[in-house]
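Scroll down for the structure; my scribbles are underneath it.
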Amino acid sequence: MFIRQFYTNCLAQAAYYVESKGEALIIDPLRDTKPYLDLAQERGAKIRHILETHFHADFVSGHLELARQTGAIIIYGGGARPRYRALVANDGEVLSLGEIRIRILHTPGHTLESCCFLLLDEQGKEYCLFTGDTLFAGDVGRPDLMSGNLSKETLASMLYDSLNKKIMPLADNLIIYPGHGPGSACGKHIGRETVTTLGEQKRTNYALMEQDRDAFILKITEGLVSPPAYFFKDAGINANGYQPLEEVMLRAQRQLLPEEWKKAALEGAVLLDTRTAEVFAKGHVKGAINIGLNGDFAVWAGTLLPFDNPIVLFTEKGSEKESITRLARIGYDSILGCAAVPDEAGEQSRVELVYPETFRNVVKEGKYVILDVRRPAETEKRKLKNAMLMPLAELPQRFQELNKEDRLLICCAGGYRSMIAASFLNANGFEQTSSIAGGIDRIEREASELVTHYFFKEKSAG
């Protein structure tokens with residue numbers, strides 16, 4: 001038996017390769033399937049099955065791509081209704097793979113069709129559980145993403161039964177392979193581990209503590225923030241199907257002439273620049289939004305970019321394919337092509353970067369309105385005095401609260417989100433935006449004396 005986790009940081013997503021006696025299956029693959037195909041070829045194995053724990057909301061799965069490339073059978077559990085050829089297994093049904101077995105456990109709650117896969121080793125012993133979005137390290141799947149006509153409270157009640165009747169009775173030494181790690185919006189506060197044990201979760205996971213149904217429902221449903229808008233699009237794509245990735249890649253890698261992308265921009269295309277914040281600040285196309293590949297690209301692209309608008313890409317040389325692939329992973333297929341940033345200074349815009357050594361003077365002069373785009377949980381721990389709070393995820397709905405005449409100094413923890421915000425505001429007519437380079441983290445690291453003057457930390461309770 002051989003198991004490998006494929007973990008993708010920008011999506012905080014885990015897919016799995018499982019193999020026995022030359023037969024392999026893939027659980028929750030990404031749309032770009034080459035890593036799985038390469039591993040199977042390297043090991044001389046044949047991919048027989050593709051198992052989907054549910055209709056994913058946060059990425060476009062590679063199940064259809066992989067089935068087309070290998071002839072493998074797509075398998076769901078729990079009464080899923082995909083609009084393409086797939087096997088929908090019953091609760092408790094057992095699948096054979098070489099010398100091991102996979103038992104399908106229907107565990108509704110995160111979604112109606114959610115299921116887990118219990119692996120029985122060569123001796124028939126329960127070895128590990130692939131939990132998808134039902135159970136994470138330190139958390140469980142949120143119940144408000146793909147509920148049909150059901151309320152989040154109804155789905156949370158289903159999740160209570162799934163956990164207590166299907167998962168909690170299993171042995172403490174069972175290895176847990178979840179579908180996501182920290183940073184995923186599919187849970188409220190997923191822990192750092194991408195592999196854990198059931199015993200560890202029974203001891204530490206708030207959702208598995210002994211509690212009645214009503215208390216569980218309240219804990220699971222309180223404090224849920226709105227997910228990125230693309231989540232609901234991707235769930236539908238995964239249920240209904242999509243075009244082959246190679247077609248998207250071929251079209252999107254076309255090099256656009258200046259007159260082509262300028263015409264597209266006038267017609268409503270999004271200009272997306274995936275270079276780093278520092279490079280973008282020095283010169284970029286007017287109206288371009290900067291979401292760097294070096295950060296949580298997928299999350300912020302899916303949060304800020306309209307889903308159905310065509311996209312023109314500006315990238316570092318050699319990063320075109322990576323930019324397209326990451327967009328396609330979350331269902332952004334309408335990419336017109338790639339373009340070069342003009343060399344002419346007159347055709348470029350810039351964003352001022354404010355460094356720690358100049359931060360003091362900038363604030364003392366009082367010429368700026370400070371805009372803090374961190375999440376509420378972050379601002380509670382480290383507050384910037386006299387700052388206006390507007391989390392980046394809320395910017396598309398709230399930016400009209402800002403005054404275009406103000407000079408805005410934008411901050412976040414590390415400088416990544418503040419540049420996204422600056423570029424977004426620039427694209428919407430705010431011409432006086434600056435970003436704190438390296439964010440609050442850099443100020444604390446390189447100019448700690450400023451913290452006392454401009455920041456204060458919450459006092460500990462008690």
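Scope of the values below: all heavy atoms of this structure, side chains included, with no hydrogens, waters or symmetry mates.
Contact of the Leu272 side chain with the Leu327 side chain is registered, since non-hydrogen atoms from C-beta on lie closer than 4.5 Å. Between Ile47 and Leu37 there is a side-chain heavy-atom pair separated by less than 4.5 Å. Using a 4.5 Å heavy-atom cutoff, the side chains of Ile324 and Cys338 are in contact. The shortest distance between side-chain heavy atoms of Arg81 and Tyr76 does not fall below 4.5 Å. The side-chain heavy atoms of Phe59 and Gln13, taken from C-beta on, include a pair separated by under 4.5 Å. At least one side-chain heavy atom of Asn428 sits less than 4.5 Å from a side-chain heavy atom of Phe399. Ile102 has its side chain out of reach of Val94: every pair of non-hydrogen atoms, C-beta onward, lies at least 4.5 Å apart. Residues Pro143 and His110 form no side-chain contact, since every pair of their non-hydrogen atoms from C-beta on lies 4.5 Å or further apart.
Taking 4.0 Å as the cut-off between side-chain N and carboxylate O, Arg48 and Glu23 count as a salt-bridged pair. The pair Asp161-Arg213 meets the salt-bridge criterion, with a side-chain N (NZ, NE, NH1 or NH2) lying under 4.0 Å from an Asp/Glu carboxylate O. A salt bridge links Arg68 to Glu65: one of the charged nitrogens lies within less than 4.0 Å of a carboxylate oxygen. For the pair Arg254 and Glu320, the salt-bridge criterion is not met [side-chain N within less than 4.0 Å of a carboxylate O]. Between Lys34 and Asp38 there is a salt bridge, since a side-chain N of the basic residue sits under 4.0 Å from a carboxylate O of the acidic one. Taking a cutoff of 4.0 Å between a charged side-chain nitrogen and a carboxylate oxygen, Glu278 and Lys282 do not qualify as a salt bridge. The pair Arg382-Asp372 does not count as a salt bridge, with every side-chain nitrogen at least 4.0 angstrom from each carboxylate oxygen.
Under a 3.5 Å cut-off, the side chain of Arg374 and the backbone N or O of Pro391 do not form any donor-acceptor pair. One N or O on the side chain of Asp91 and one on the backbone of His106 form a donor-acceptor pair closer than 3.5 Å. No donor-acceptor distance shorter than 3.5 angstrom exists from the side chain of His284 to the backbone of Ile289, with no hydrogens or angles considered. Between the Tyr242 side chain and the Ser61 main chain, a donor and an acceptor come within less than 3.5 Å of each other. When atom types are taken as modelled, the side chain of Asn290 and the backbone of Ser423 share no donor-acceptor pair closer than 3.5 angstrom. Here the side chain of Glu122 pairs a donor or acceptor atom with the backbone of Met1 at under 3.5 angstrom. In terms of modelled atom types and a separation under 3.5 Å, the side chain of Glu378 and the main chain of Arg375 share a donor-acceptor contact. Proximity of a side-chain donor or acceptor of Thr8 to a complementary backbone N or O of Leu11 within less than 3.5 Å is not detected. No donor-acceptor pair closer than 3.5 Å links the side chain of Glu19 to the backbone N or O of Arg43. Side-chain N or O atoms of Ser319 include none that pairs as donor or acceptor with a backbone N or O of Thr315 at under 3.5 Å.
More than 12 heavy atoms of other residues, nucleotides or ligands sit less than 6.0 Å from atom CD of Glu322. A 6.0 Å sphere centred on CD of Glu222 holds more than 12 heavy atoms belonging to other residues, nucleotides or ligands. Enclosure of atom CZ in Arg445 by more than 12 non-hydrogen atoms of other residues, nucleotides or ligands within 6.0 angstrom is indicated. Crowding of Arg251 atom CZ: a count of heavy atoms from other residues, nucleotides or ligands under 6.0 Å exceeding 12. Residue-environment remark: NZ (Lys202) exceeds the threshold of 12 foreign heavy atoms within 6.0 Å. The neighbour count for Arg101 CZ, taken as heavy atoms of other residues, nucleotides or ligands under 6.0 Å away, is above 12.
When all heavy atoms are compared, the tightest approach of Ala269 to Leu336 is CB-CD1, 4.3 Å. Smallest separation of non-hydrogen atoms from Ile330 and Ala301: CD1-CB, 4.2 Å. Pairing each heavy atom of Lys381 with each of Ala377, the nearest pair is CG-O, 3.6 Å. Nearest heavy-atom pair across Cys186 and His180 is SG-NE2, 3.7 Å. In plain terms, the two heavy atoms of His56 and Asp28 that are nearest each other are NE2-OD1, 3.0 Å. The two residues Ala277 and Gly415 have their closest heavy-atom pair at CB-O, 4.2 Å.
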Is there a side chain to side chain contact (heavy atoms under 4.5 Å, CB included) between Glu113 and Phe55? Walk through the geometry before answering. CA-CA 8 Å; Glu113 78 287 347; Phe55 295 128; 3.4 Å; yes
Evaluate Ser157 against Thr154 for side chain to side chain donor-acceptor pair (under 3.5 Å), listing each step before the verdict. CA-CA 5 Å; Ser157 181; Thr154 299; over 6 Å; no
Walk me through it: do Gln69 and Thr33 pass the test side chain to side chain donor-acceptor pair (under 3.5 Å)? CA-CA 9 Å; Gln69 293 162 339; Thr33 58; 2.6 Å; yes
Verdict with supporting geometry, Ser162 and Thr107, side chain to side chain donor-acceptor pair (under 3.5 Å): CA-CA 5 Å; Ser162 294; Thr107 52; 5.1 Å; no
Ser114 and Thr134: CA distance, side-chain angles, deciding distance, side chain to side chain donor-acceptor pair (under 3.5 Å) verdict: CA-CA 7 Å; Ser114 284; Thr134 296; 4.6 Å; no
Test side chain to side chain contact (heavy atoms under 4.5 Å, CB included) applied to Leu51 and Leu95, step by step: CA-CA 11 Å; Leu51 276 59; Leu95 170 72; 4.0 Å; yes
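In this structure, a donor-acceptor pair under 3.5 Å is absent between the side chains of Glu316 and Thr274.
To the nearest 0.5 Å, atom CG of residue Leu150 and atom OG1 of residue Thr111 are 11.0 Å apart. Note that CD1 of Ile100 is 8.5 Å distant from CG of Leu120, once rounded to the nearest 0.5 Å. Here the CE atom belonging to Met419 is positioned 15.5 Å from the CZ atom belonging to Phe424, to the nearest 0.5 angstrom.
Checking each of Val140, Asn164, Leu135 against Leu159 for a side chain to side chain contact (heavy atoms under 4.5 Å, CB included) leaves exactly one that passes, namely Val140. Under the salt bridge (charged side-chain N to carboxylate O under 4.0 Å, His left out) rule, Arg329 has a single partner from Asp58, Asp32, Asp234, which is Asp32.
Ring pair Phe216/Tyr160: centre-to-centre distance below 6.0 Å. Ring pair Tyr416/Trp300: centre-to-centre distance not below 6.0 Å. Aromatic pair Phe6/Tyr16: centroids not less than 6.0 angstrom apart.
Ring geometry for Phe130 versus Tyr177: interplanar angle under 30°, hence parallel rather than tilted (30 to 60°).
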